[in-house]
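Take a look at the structure set out below.
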Amino acid sequence: MSSLPRHITLELTTKCNFRCPYCYCVWHENPALARPALDFAGWKRILDRCAADGVEDILFTGGEALLHRNLLKILVYARKNLPRARLSLFTNGSRMTETLLRTFKRRRIHLSTSLQGLRSYQEMTGTRRSFERQLALIARAAELKWPFAVSITVTKANRNEIADIYAAAALSGASVILVAAMMAEGRGRDHLDLMLTRREWESVKKEIRALPNAGVPYSFADEFICACREQPKAFLRRFADPDHRPCPAGRAFGVIGPNGTFRDCLHTTTSRALL
């Protein structure tokens, strides 16, 4: 294939200790996209390819990236071989520690997480965990002066507390906030009852814009379904965006899954060999 895009997401593992009903990871639909999983040597070859192609921005994710036994070795190798690249890690935060926070700051690994509920946190994550640890993690990163971005996925389960979730993230020290509509992809296809209508989503955006300025930059992700893949006609009628713009997937950014194959975007199930 031609050179990799400048922005790449590396899905290191399918392992996750959360069971979020809205999770859009495509291996929930097509497990073959994650097998066989790359070992450390395989990810080194991927990173060598990224360096050779001049990749400028790499996001490490999963599943839950902190469950990958070689995560730190992978990040050290990435920083050594791509010294000028922006390296980022997305984590649900459950395995994050003070030591790891300091390590990621020292290695210049930018961090992001999700805050998907307060009262609804257990329903939104499929766990018995509390949101309080998540807020403490964000606050500690702010104290260490290392940015921690926060994403919020809006569903019918957390819709009624969305302003409180946003305020909690902002007041805890989030560096930037992304508010996104739940997508009909991955595990989300089995939980369509949780999806908002477009009218409800526009109401959410209006509510967020009306909140007092907390000094935290924020943005919205309007996508309900992926336009990079074939969709059932029923999905298109229900979820298609009437204002959809051409997607830069595969050109400006791309994804390398747990088995080392390349996909144009996070949501498409079409992949091709890379190594």
Side-chain angles (χ1 to χ4, degrees), residues 9 11 13-34 59 61-65 67 90-94 112-127 129 131 134 150-162 165-166 177-205 219-244 247 249 253 255 257-258 263-271:
T9 293
E11 297 172 323
T13 180
T14 62
K15 294 179 182 178
C16 191
N17 53 354
F18 282 16
R19 294 283 299 176
C20 305
Y22 56 86
C23 180
Y24 57 66
C25 292
V26 293
W27 52 79
H28 296 307
E29 299 176 57
N30 187 353
L33 289 171
L59 171 64
T61 182
E64 171 47 43
L67 292 177
F90 186 91
T91 172
N92 63 31
S94 62
S112 58
T113 190
S114 57
L115 180 64
Q116 310 298 24
L118 301 178
R119 297 181 299 275
S120 60
Y121 189 79
Q122 293 185 355
E123 181 178 358
M124 286 290 290
T125 61
T127 71
R129 300 175 184 273
F131 67 88
Q134 197 77 333
V150 174
S151 65
I152 303 169
T153 301
V154 189
T155 74
K156 289 187 182 293
N158 65 2
R159 165 67 187 93
N160 291 333
E161 60 173 354
I162 197 63
I165 299 170
Y166 179 92
I177 298 175
L178 171 66
V179 185
M182 173 185 165
M183 296 185 68
E185 307 291 356
R187 191 184 286 141
R189 292 198 172 213
D190 296 326
H191 298 277
L192 298 181
D193 56 305
L194 288 175
M195 290 191 66
L196 304 182
T197 65
R198 290 211 172 265
R199 178 175 293 183
E200 289 172 327
W201 171 237
E202 292 302 322
S203 176
V204 167
K205 293 196 292 184
S219 61
F220 298 111
D222 292 304
E223 197 174 22
F224 278 38
I225 57 171
C226 177
C228 299
R229 61 185 289 190
E230 278 193 45
Q231 299 284 3
K233 290 183 179 179
F235 272 35
L236 293 173
R237 286 193 296 269
R238 183 174 175 184
F239 301 124
D241 184 355
D243 300 319
H244 173 71
C247 178
F253 62 87
V255 182
R263 306 194 314 275
D264 285 343
C265 87
L266 286 166
H267 315 296
T268 184
T269 57
T270 302
S271 67

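Keep in mind that what you see is a predicted model, and the values were worked out from it rather than measured.
- Under the 3.5 Å distance criterion, the side-chain polar atoms of E161 are left unmatched by any main-chain donor or acceptor of G117.
- In terms of the ring-ring contact (aromatic ring centres under 6.0 Å, His included) criterion, Y121 has no residue partners (sequence neighbours excluded).
- Side-chain atoms of L33 and T269, non-hydrogen and from C-beta on, do get closer than 4.5 Å to each other.
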Worked verdict on M195 versus F224 for side chain to side chain contact (heavy atoms under 4.5 Å, CB included): CA-CA 9 Å; M195 290 191 66; F224 278 38; 3.8 Å; yes
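- Looking at residues two or more places apart in sequence or on another chain, you find a side-chain contact (heavy atoms from CB on, under 4.5 Å) between C265 and C226, C228, A249, F253, H267, T268.
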Side chain to side chain contact (heavy atoms under 4.5 Å, CB included), that's the test. Do L194 and Y22 meet it? Break it down for me. CA-CA 8 Å; L194 288 175; Y22 56 86; 5.6 Å; no
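- A salt bridge is defined here as a Lys NZ or Arg NE, NH1 or NH2 lying under 4.0 Å from an Asp or Glu carboxylate O, and E202 with K205 meets this definition.
- Under the rule for a side-chain contact (heavy atoms from CB on, under 4.5 Å), the partners of V154 that lie at least two apart in sequence or sit in another chain are N158, R159, I162, V179, L196, W201, V204.
- Contact between W27 and G62 at its shortest, heavy atoms only, is CH2-O, 3.2 Å.
- The environment of NZ in K156 is crowded: more than 12 heavy-atom neighbours from other residues, nucleotides or ligands sit within 6.0 Å.
- Listed by chain and residue number, E11, L59, T61, V255, L266 satisfy the side-chain contact (heavy atoms from CB on, under 4.5 Å) test with T9 (two or more places apart in sequence, or in another chain).
- Side chain of Q116 to main chain of T153: a donor-acceptor pair is present (N/O by atom type, distance under 3.5 Å, no hydrogens or angles).
- Annotation: the span from C20 atom SG to E123 atom CD amounts to 11.5 Å, rounded to 0.5 Å.
- Counting only distance, with no hydrogens or angles, the side chain of T91 and the backbone of G93 share a donor-acceptor pair below 3.5 Å.
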List the steps, then state whether side chain to side chain contact (heavy atoms under 4.5 Å, CB included) holds for R263 with V26. CA-CA 11 Å; R263 306 194 314 275; V26 293; 3.7 Å; yes
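- When all heavy atoms are compared, the tightest approach of A157 to S120 is O-CB, 3.6 Å.
- Of the inter-residue distances, the one linking D193 atom CG with H191 atom NE2 reads 7.5 Å to the nearest 0.5 angstrom.
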When you look at F18 and C23, which way does the side chain to side chain contact (heavy atoms under 4.5 Å, CB included) test go after all the steps? CA-CA 10 Å; F18 282 16; C23 180; over 6 Å; no
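- In terms of the side-chain hydrogen bond (donor to acceptor under 3.5 Å, both in side chains) criterion, residue partners of E185 (sequence neighbours excluded) are, by chain and number, R189, R229, Q231.
- Side-chain contact check for Q122 and T127: no donor-acceptor pair (N or O, by modelled atom type) lies under 3.5 Å.
- We find the CD1-OG1 distance between I152 and T155 to be 12.0 Å, quoted to the nearest 0.5 Å.
- Atom CG of residue L67 and atom SG of residue C16 lie 7.0 Å apart, to the nearest 0.5 angstrom.
- Note: E64 CD to T13 OG1 = 9.0 Å, rounded to the nearest 0.5 Å.
- In this structure, M124 CE and I165 CD1 are separated by 7.0 Å, a value rounded to the nearest 0.5 Å.
- Looking at heavy atoms from C-beta onward, Q134 lies out of side-chain contact with R129 at the 4.5 angstrom threshold.
- Scanning both residues, A34 and T14, for their nearest heavy atoms gives CB-CG2, 3.3 Å.
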Would you mind writing out the side-chain donor-acceptor pairs for residues 235-242 within the sub-3.5 Å range, not counting sequence neighbours?
unit_1, atom_1, unit_2, atom_2, d
D241, OD1, D243, N, 2.9

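- For the residue pair S94 / N17, a side-chain donor-acceptor distance below 3.5 Å is found, with atom types taken as modelled.
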